[in-house]
Amino acid sequence: MSDKKILVSGVKPTGRPHIGNYFGAMKQFVDLQNEYDARIFVANLHALTSLQNKEELEKNSREVILDYLGIGLDSEKTTLYLQSDVPHVAELAWIFGCLTTMPYLMRAHAFKDSEAKNKEINAGVFNYPLLMAADILIHDADVVPVGKDQKQHVEITRDTALKFNNAFGETFKLPKELIIENMQTVLGTDGQKMSKSYNNVISLFATDEEIEKAVMSIITDSESGVPTNVYAVHSLLRDKKSLDALYEDKKGKYKELKEELIKDLKAFIGPMRERRKEWENKPEEVERIIKEGGMKMRKIVHEKMVEVRKKVGLIHHE
Ligand code: ADP
Ligand code: TRP
């Protein structure tokens, strides 16, 4: 067993990732994989709350694994797996549901947002935070790298651990969220938050043509000759000093500044896109990685679940 601290996180397979997803959350997975015992999964059970289409869910789930490999996760260092290959989390989420009140879950942002949009909310959406708590707590995770908007879910996870520990004795470790400091929300080509739902994204694995098209469509509101939306995206790729020098030098020349951004985006995206493509051509190996990742995780969480069952009073047979 390694004595490294445990890191757990996941991404929902609901569509193509964009640079906002990367800089807001996924980049940390790569940056931290040497330091931690990292376990990164595809949250396909969570995706079922909004995606009920067999082909699409299967396809998206494989795509996320390719995305992980494309950004540079190394399956020797990071265990990659499908959430559904560790069904114990659904059992644990049920137990958590029995310790959690409805008014408490009604305070979750995601639930309130869905309610405000007046959607027909399914019970999966309502219970979403508890499944996420189970994903994390079952590993005795130390840290959970996520985007800003997931902070409340990790707080709920800690509350849930405390509730269980109070009811049945010390069992779960309290995990900490890791959020990239000073990370502003990445803005899309229209100046709003970059989001799959707004049609304003720069895809993380965009082709050169897609990069050109997206950058040329950035709306150039400007403050004294600096196109703010172009600058905002550019600031993800270059340090402030060299960026300010460039924007000073080319003040008011929006087209040239966009061309500079295109060049930098191509240099950043190109190698990841190529690495992803290499993995795309090795489907058997990718399948092996997912399968072995799932087996390894099942073995680890099994022991934790035996402990939980015994503590709760669910008779356990080996
Ligand atoms: P989307 O809004 O595109 O549907 P998701 O809700 O799937 O994105 O978010 C997945 C992760 O990416 C979350 O952890 C979230 O914090 C992060 N993220 C999404 N959009 C942005 C953004 N524009 N800027 C920074 N982080 C983001
Ligand atoms: N809710 C997360 C998101 O929407 C995905 C997720 C599910 C997750 N389970 C998790 C993230 C456990 C971290 C840890 O982005």
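We count ligands from 1, going down the list as the structure has it; atoms in each ligand are counted the same way. In this text the structure is predicted, and so the values were computed from the model without any measurement.
Listed as neighbours of ligand 2 are S9, G10, K12, F41, A43, H46, Y128, M132, D135, I136, V144, V146, Q150, each bearing a heavy atom under 4.0 Å from the ligand. Protein residues with a heavy atom closer than 4.0 Å to ligand 1 are H18, G20, N21, G24, A25, G147, K148, D149, Q150, T185, V186, K193, M194, S195, K196, listed by chain and number.
By the 4.5 Å heavy-atom criterion applied to side chains, L69 and R276 are not counted as neighbours. F96 is not listed as a side-chain neighbour of K163, based on a closest heavy-atom distance of 4.5 Å or more. Residues D85 and M297 fail the side-chain proximity criterion, which asks for heavy atoms closer than 4.5 Å.
Applying the 6.0 Å contact sphere to CZ of R62 captures no more than 12 heavy atoms from other residues, nucleotides or ligands.
Sorted by first then second residue, the side chain to side chain donor-acceptor pair (under 3.5 Å) pairs that include residues 103-115, not counting sequence neighbours, are Y104-D159.
Salt bridge absent: K176 and D142 never bring a charged side-chain N and a carboxylate O closer than 4.0 Å.
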Evaluate the criterion side-chain hydrogen bond (donor to acceptor under 3.5 Å, both in side chains) for residue pair E318 and H316; output intermediate values, then yes/no. CA-CA 7 Å; E318 259 320 319; H316 176 83; 3.2 Å; yes

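In this structure, a donor-acceptor pair under 3.5 Å is absent between the side chains of Q33 and D74.
Taking Y247 as the reference, Y231, H234 meet the ring-ring contact (aromatic ring centres under 6.0 Å, His included) condition, with sequence neighbours excluded.
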